[in-house]
K.L.:
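Structure in structure tokens, see below.
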Amino acid sequence: MEKRVKYEYKELLANSAMRFCADNCTPGGDSGDISIRDPETGYIYSYPNIKPGFSFYSWRELKPENIAVCDIDGNLIETEYEPTIEIPMHLAIYKARPEVQVILHSHPKWSAIFACARKDIPLTLAEQALALGGETKCAEYAPAGAVAVGTNIVKALGKERNSALLANHGAVVLASSISEAFMRSEYLEHAAMVACFAELLGGAVSISPDEILDPSVFH
Ligand SMILES: [Zn+2]
């Protein structure tokens with residue numbers, strides 16, 4: 001069967017950009033990015049690398065025709081727009097986690113505080129265990145765009161967690177849809193803010209995943 005580029009994925013991504021900005025995932029409107037994998041073809045659709053001379057400078061102006069498309073090895077399927085410079089990290093995550101369909105890479109506020117302190121966000125709230133797969137680990141530092149960012153983030157994510165921090169940079173959340181990615185991104189920011197203030201009140205008290213729900217809930 002011939003693989004084809006699907007306009008609906010480009011539309012999905014372009015339509016996500018306004019919320020990406022509204023949810024404070026992208027200070028300046030041109031940082032961070034989202035990608036989506038088509039499970040049928042394996043093609044990765046992503047926000048493009050914004051270059052001088054383009055007709056847009058903010059994700060607010062992103063249109064379906066600006067979306068970049070490559071395969072899992074980074075080969076361009078369409079050449080007009082190159083993927084975000086963080087595409088090596090997205091591809092490393094897609095390779096390590098075959099179940100993942102969407103990656104949201106944000107430059108958020110509260111999570112960035114932990115990323116810059118190079119500290120993990122402890123598991124303190126139920127939604128972290130349920131949506132994020134537990135605590136959020138901070139990956140070892142590597143410069144933006146380097147292949148090592150992907151290697152380090154894959155290690156921090158492991159096989160179960162759906163979020164990780166990029167040291168001195170930002171965050172990623174993994175999901176099966178764009179709406180789930182935004183929900184998880186909100187949970188991550190909420191957890192980071194709560195943990196930050198709990199630390200100021202004398203220290204955030206972590207819990208373990210099996211303390212979250214009473215066993216009777218499962219019967
Ligand atoms: Zn970034």
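In listed order, ligands and their atoms are each counted from 1. Just so it is clear, the model here is predicted, and its values are computed rather than measured.
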K.L.:
Looking only at heavy atoms, which two atoms of Val149 and Gly145 are closest? And how far apart?
P.N.:
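For Val149 and Gly145, the tightest heavy-atom pair comes out as CG2-N, 4.3 Å.
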K.L.:
ring-ring contact (aromatic ring centres under 6.0 Å, His included) between Tyr9 and Tyr43: does it pass, once the steps are laid out?
P.N.:
CA-CA 10 Å; Tyr9 282 101; Tyr43 289 165; 10.0 Å; no
K.L.:
Which heavy atom of Arg184 sits nearest a heavy atom of Ala131, and at what distance?
P.N.:
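Looks like NE-O, 3.0 Å.
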K.L.:
Taking the Zn ion (ligand 1) as the center, what protein N, O or S atoms are found at less than 2.8 Å?
P.N.:
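Sorted hits: His105 NE2, His107 NE2, His169 NE2.
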K.L.:
Is it the case that one hydrophobic cluster holds both Ile72 and Val172, taking links as side-chain heavy atoms less than 4.5 Å apart, direct or via other members?
P.N.:
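Both belong to a single hydrophobic cluster.
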K.L.:
Give me the atom names and distance for the closest heavy-atom approach of Lys159 to Glu99.
P.N.:
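Shortest heavy-atom contact: O-OE2, 4.5 Å.
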K.L.:
When hydrophobic residues are tied together by side-chain contacts of less than 4.5 Å, even through go-betweens, does Ile77 share a cluster with Tyr45?
P.N.:
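As far as the 4.5 Å side-chain criterion goes, Tyr45 and Ile77 are connected within one cluster.
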